[in-house]
Amino acid sequence: MKMGKGRYYRKNLILMLVVSAIPGIITGALVYGMIGGRLENELLQMHHRQIEQRAGNIDEQLTNLELLLSHWAFDPKFDYSLDGLDFTIDFERARDITKTLVVMQGSNTMIKQVELYLGGDEPVLFNPEYGEIKSAAVTGLYDKLIRTRQSTYWTEWAFDPSDPGEKELTLVHHIPGGSQEPFGALLIRMDTGKVADMLKTMTPYNVGETFLARTIGGLFASAGGSAPDSPFVKRLRAEIRERGSTDKASFVFAWEGKTYAVTYGAFSRIANEWVYVSASPISSITAPVMFVSKLIFIVSFSALMLAALLSWLASRRMYSPIRRLFKTLLPEHAAAAGQEDEFALIERQWLNLHWESHDLQRKLAEQLPHVKESFLHQLLHGHLYAYSEQELRRRMERFKWEMENRRFVLLYVQLTGITSLGGKFKNGDEGLVSYAAANIIGELAAQRFSQCDTIHFHDLSTGIVLMVPNETSYMPEVQAFSEELIRTVNLILKMRVTVAVSRAVGQVTDIPFAFEGVRQAASYRPVGGENQVIEMEKLDREGAGEGEPAYSFTLERELIQAMRTGQEEDAYRLLGEFLAALSARGAKTIDVQQGMLQLLGHIQHAIMQSGIHPNRLFKGVNLYEALSQIRELELILTWFREKVLAPYLKELSLRANAGVKLLIEQAMIYLQQNYMKDISLDSCADHVGTNPFFLSKSFKQVTGHNFIDYLTELRMEKAKELLRDTGLRICDVAQQVGYQHSYFNRIFKKLEGMTPTRYRELSQ
């Protein structure tokens with residue numbers, strides 16, 4: 001049915017649409033015309049104020065860095081006591097310095113690295129960890145930073161001798177602070193990328209150029225990575241110098257056919273002035289407004305043209321959308337589609353919803369196995385205990401299980417031998433092996449049983465839920481499946497298999513108890529045994545095991561004694577013998593685990609008796625839980641060595657070293673207090689409570705000097721002090737430092753190259 005509208009209708013429709021579009025066209029034209037005039041100047045001034053404010057923020061950040069470095073440079077941590085300090089001995093001081101540098105480094109996001117350089121014969125560099133400098137080239141680079149008249153200054157420095165072109169903005173402060181003869185320097189090395197990002201904040205439109213430059217010197221930093229000698233930067237700096245003013249100002253700058261808005265100003269840095277320059281194209285400032293005005297104009301004109309088109313279509317096909325909608329709802333009356341309009345959009349939307357419905361159904365079919373597996377995980381582990389039997393059955397029926405006249409059989413498959421039998425896998429591949437085994441088991445089970453589901457536990461074990469008809473013998477088929485499973489896993493994965501089979505249960509609520517039973521039954525397999533199928537019914541009739549486990553209390557006592565005395569090799573050997581004895585004579589897996597858990601408890605008790613708290617030693621780890629998850633003998637042995645014995649033996653070793661150092665410190669104090677007396681190695685050993693041989697060996701190890709050499713050097717230093725500062729006779733000086741007169745003259749001349757009398761003359 002065709003129906004048209006008269007000329008009056010069409011004319012009024014067009015007039016209404018034109019009137020609605022004309023205001024937009026006029027507005028766009030006016031905005032576009034104003035861009036070239038006053039609006040440009042207003043935006044330029046606003047740009048200047050914005051850059052000035054952001055420059056102030058940057059100046060404040062740099063000032064904070066200078067104040068931070070000056071504060072730490074005058075800190076007592078960095079005084080003259082660092083000069084010539086041996087950090088290998090005074091390692092506590094080194095660790096304190098490292099902590100301080102880490103705190104400084106984290107105080108500002110622009111800091112790349114905080115370093116402490118100590119010059120001298122053996123230069124040291126903390127960055128922030130302690131390290132010795134072996135390269136003369138690197139030492140030369142850092143020494144130049146110290147040999148300056150300014151104690152605090154900014155510089156652009158290359159720290160890699162092999163790449164002198166790679167420079168970093170660096171703040172340097174000599175230490176000690178305020179010293180005329182510094183021996184080191186604190187350095188804040190700025191992150192070049194962060195400095196560039198900081199400068200980019202002065203380029204609000206992400207185009208143009210922004211840079212910092214020192215008025216005197218070669219320091220230069222650019223947000224866009226430009227070089228100081230690039231034509232654009234050189235021309236900008238020349239233009240600023242021609243203006244002859246360092247005050248904050250803005251001007252318009254033309255370069256290569258573009259007009260830039262340039263804002264510059266000065267920073268007052270340490271003993272120098274820095275200039276910041278931000279240049280952005282005028283088009284970057286005015287482009288957004290220009291775009292909006294053009295868009296208004298284009299949209300308004302387009303609306304006018306569209307209004308004319310719609311009015312013409314509406315006059316001719318007022319009822320065409322209704323017909324298309326009718327054809328969509330009644331496909332048997334479908335005809336060729338007409339031109340597209342709002343009803344066509346409805347049609348496409350309906351089609352989209354139709355396809356989305358199909359896509360959702362497909363995704364549901366793909367995700368259903370995962371949802372079923374999640375449900376089975378919760379069911380097997382007893383998390384659905386609050387549900388009734390009827391609710392659980394309804395949920396399983398929604399997952400497409402046939403529940404009528406069915407009972408449930410649970411299988412638990414455990415893989416062992418990952419570290420033995422020449423398997424393809426090693427420790428650490430448990431997840432990969434579990435995944436492969438679960439896929440194999442699922443495929444084999446699907447070939448034999450009409451209703452079965454496999455659950456992957458990710459710990460070398462897999463669960464299987466079977467639904468078998470009532471009044472049907474299921475064990476022959478389960479036994480055949482178990483044998484096929486064992487052969488396949490042995491062939492493909494080269495691992496041993498233990499299969500535990502539960503009794504059939506008729507209630508869904510009994511499934512968690514049946515599954516827990518087969519998991520416990522798997523722990524009764526013999527240690528190191530071959531493949532095995534464990535049936536719960538036979539296990540209940542025959543009993544869980546025969547005899548008592550062999551727990552060697554003698555080896556346990558010997559192992560604990562070896563640990564207490566720090567005998568590492570004996571402790572590891574006795575641990576292996578204990579585990580071998582525990583797993584001998586057909587022991588079950590549960591026997592070995594229980595025995596090792598008991599040994600762990602006794603060892604922790606012995607550790608507490610030695611004065612070491614297990615929670616601190618093992619860092620709060622639940623060792624019992626970790627040990628109960630391991631089933632392989634070799635893995636148990638390795639875990640016990642690395643996680644239990646090794647930390648304790650290391651702690652004993654550290655305590656022994658600390659005791660030796662304390663002993664030598666007592667001996668050195670004794671020598672410094674009694675050097676004027678007749679002291680021998682035996683008398684000193686008696687004083688500190690040890691034997692002479694151990695004292696001599698430990699003295700050399702800790703101090704680097706023999707006992708006699710240290711005592712002689714101590715006496716010579718005291719003698720030279722008396723010769724310089726007193727008028728005592730030579731014989732009296734000899735007596736004061738514990739020597740006979742004649743022997744004192746000989747040994748003094750031998751060590752100092754002159755007689756005591758000549759030394760006194762030269763010193764005065």
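Bear in mind the structure is a predicted one, so any value in this text is a computation, not a measurement.
- With rounding to the nearest 0.5 Å, the separation of CD1 in Ile441 from SG in Cys452 is 11.5 Å.
- The nearest pair of heavy atoms linking Val644 to Trp639 is CG2-CZ3, 3.9 Å.
- Residues Asn615 and Gln604 fail the side-chain proximity criterion, which asks for heavy atoms closer than 4.5 Å.
- Rounding to the nearest 0.5 Å gives a distance of 10.0 Å between CZ of Arg448 and CG of Leu485.
- In this structure, Asp453 and Ile455 approach most closely via the heavy-atom pair O-CD1, 3.8 Å.
- Residues Met467 and Glu402 are not in side-chain contact: their nearest non-hydrogen atoms beyond the backbone lie 4.5 Å or more apart.
- The shortest distance between side-chain heavy atoms of Val409 and Phe449 does not fall below 4.5 Å.
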Ile486 vs Val533, side-chain contact (heavy atoms from CB on, under 4.5 Å): CA-CA, chis, key distance, verdict: CA-CA 9 Å; Ile486 290 172; Val533 178; 3.9 Å; yes
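- Gln105 and Ile111 get closest at one heavy-atom pair: O-CB, 3.9 Å.
- Shown here for Thr454 and Ala438, the closest heavy-atom pair between the two residues is CG2-O, 4.0 Å.
- Looking only at side-chain heavy atoms (C-beta outward), Val621 and Lys643 stay at 4.5 Å or farther from each other.
- Nearest heavy atoms, Ala514 versus Leu410: CB-CD2, 4.0 Å.
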side-chain contact (heavy atoms from CB on, under 4.5 Å) evaluation trace for Tyr474 with Leu466: CA-CA 10 Å; Tyr474 61 89; Leu466 302 179; over 6 Å; no
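- A salt bridge links Arg393 to Glu389: at least one charged side-chain nitrogen sits closer than 4.0 Å to a carboxylate oxygen.
- Taking 4.5 Å as the limit, every side-chain heavy atom of Arg395 sits out of range of all side-chain heavy atoms of Trp401.
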side-chain contact (heavy atoms from CB on, under 4.5 Å) evaluation trace for Gln507 with Phe408: CA-CA 8 Å; Gln507 300 292 326; Phe408 310 97; over 6 Å; no
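- Dense packing is recorded around CZ of Phe618, with more than 12 heavy atoms of other residues, nucleotides or ligands lying under 6.0 Å away.
- For the pair Ser461 (side chain) and Gln414 (backbone), a donor-acceptor distance under 3.5 Å is absent.
- When side chains are defined from C-beta on, Ile511 counts as touching Leu380, because their heavy atoms get closer than 4.5 Å.
- Looking at every heavy atom in both residues, Asn531 comes nearest to Arg496 through OD1-CA, 3.3 Å.
- Here the straight-line distance linking atom CG of Leu411 with atom CZ of Phe515 works out to 10.5 Å at 0.5 Å rounding.
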Criterion side-chain contact (heavy atoms from CB on, under 4.5 Å) on Gln479 and Val501, from CA distance to verdict: CA-CA 9 Å; Gln479 290 175 348; Val501 184; over 6 Å; no
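- For Arg406 (side chain) and Glu404 (main-chain N/O), a donor-acceptor pair under 3.5 Å exists by modelled atom type.
- Judged by distance alone, with hydrogens and angles left aside, the side-chain atoms of His381 form no donor-acceptor pair with the main-chain N or O of His383 at under 3.5 Å.
- In this structure, Asn405 contributes its side chain and Asn470 its backbone to no donor-acceptor pair below 3.5 Å.
- For the pair Leu599/Leu575, a side-chain contact is recorded, criterion being any heavy-atom separation below 4.5 Å from C-beta on.
- For the pair Phe578 and Met596, the minimum side-chain heavy-atom distance is below 4.5 Å.
- Side chain of Tyr648 to backbone of Ile603: no donor-acceptor contact under 3.5 angstrom is found.
- Expressed to the nearest 0.5 Å, how far CG of Leu559 lies from CZ of Arg573 amounts to 10.0 Å.
- Here the CD1 atom belonging to Ile492 is positioned 4.0 Å from the CD1 atom belonging to Ile440, to the nearest 0.5 angstrom.
- Here NE2 of His456 is found 15.0 Å from CG of Leu376. Values are rounded to the nearest 0.5 Å.
- Phe375 and Tyr387 have their aromatic ring centers separated by at least 6.0 angstrom.
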